[in-house]
Amino acid sequence: MNVFRIAILLVAGWLAAPAALSQTIDYERLDSRLALLAADEEIVGLAVAVVENGEVSFAKGYGVTRLGDGAPVTDQTVFRWASLSKGVASTTAVRLATEGRLSLTDTIASFDTSLRLPGGGETRATLENVLSHMIGIVPNAYDTRLEDGRDPVDIRRALGRLRATCAVGECHTYQNVAYDAVSEAIETRTGLSYAETVSNRIFEPLEMITASFGRAAL
């Protein structure tokens with residue numbers, strides 16, 4: 001599996017802030033600064049796009065797809081989304097909520113997901129709690145089990161045997177395995193696979209033709 005370093009860049013300070021957002025961005029200067037960044041030995045490859053007034057006004061790749069023998073990164077290179085995909089999950093959930101297909105205040109147990117929390121916390125934790133990482137367990141719970149190839153469903157069930165770090169909704173502890181219960185909740189309320197729902201409601205309307213799901217696609 002190729003591993004990419006993805007840079008999300010705030011160029012404030014690199015470019016003069018446009019007056020009332022009307023000043024044209026200096027793309028030549030932006031390009032030169034990005035090329036300088038890509039020359040850092042810790043950077044393998046990155047791609048940057050700028051959306052201005054609703055249109056892609058700049059898109060370019062730098063570096064290579066794999067250290068040593070990778071192809072050059074271009075504006076068409078597909079990157080692994082990793083945790084940026086959580087934004088897709090939350091957007092889909094909120095869209096379904098606005099349609100009345102679910103409520104963010106529904107408990108995660110009401111969706112019949114595989115997520116279990118200490119002390120039966122799944123009966124108190126809402127979908128909003130899961131989306132905001134406030135379910136009362138240690139951060140990144142059992143991520144190593146996922147990386148070892150264990151079944152995510154079995155891992156989520158095992159989370160109920162952990163000791164709670166706080167009451168549900170009272171502290172933020174970042175999650176990956178537990179967060180994926182959102183996909184199960186979406187499947188429960190739509191009757192479709194998570195991939196189908198996101199493709200229909202997010203990817204296809206936005207013409208995201210290279211976006212994909214799962215290890216096989218990766």
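Excluded from the calculations below are hydrogen atoms, water molecules and symmetry mates; all remaining heavy atoms, backbone and side chain alike, are included.
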In sequence, state the C-alpha distance, the side-chain angles, and the governing distance for Leu117 and Glu122, and then conclude on side chain to side chain contact (heavy atoms under 4.5 Å, CB included).
CA-CA 5 Å; Leu117 297 172; Glu122 67 274 8; 4.0 Å; yes
Suppose we screen for side chain to side chain contact (heavy atoms under 4.5 Å, CB included). Which residues come up paired with Asp31, at least two apart in sequence or across chains?
Phe58, Lys60, Tyr62
Taken in chain and number order and not counting sequence neighbours, the residues that satisfy side chain to side chain contact (heavy atoms under 4.5 Å, CB included) with Val198 are Val88, Thr92, Tyr194, Ile202, Phe203, Phe213
Same cluster (ILVMFWY, side-chain, under 4.5 Å), Val182 and Val168:
no
Any chance you could measure [X], atom [atom1], to [Y], atom [atom2], to the nearest 0.5 Å?
X	Y	atom1	atom2	value
Leu192	Arg201	CG	CZ	8.0 Å
Ile155	Leu115	CD1	CG	12.0 Å
Asp180	Arg156	CG	CZ	4.5 Å
Cys166	His172	SG	NE2	11.0 Å
Ile186	Leu96	CD1	CG	6.0 Å

Is it true that the side chains of Ser83 and Tyr174 contain a donor and an acceptor less than 3.5 Å apart?
yes
[X] side-chain N/O to [Y] backbone N/O, donor-acceptor pair under 3.5 Å:
X	Y	result
Arg150	Glu147	no
Thr65	Ala71	yes
Glu184	Phe111	no

Could you tell me whether the side chain of [Y] reaches within less than 4.5 Å of the side chain of [X], counting heavy atoms only?
X	Y	result
Glu28	Asp26	yes
Val177	Arg145	no
Leu127	Ile108	yes
Ser212	Trp81	no
Thr126	Leu104	no

N/O donor to acceptor pairs below 3.5 angstrom from side-chain atoms of residues 130-144, sequence neighbours left out:
from	atom 1	to	atom 2	distance (Å)
Ser132	OG	Glu128	O	2.7
Ser132	OG	Asn129	O	3.4
His133	ND1	Gln175	N	3.0
Asn140	ND2	Asp143	OD2	2.9
Asp143	OD2	Asn176	ND2	2.8

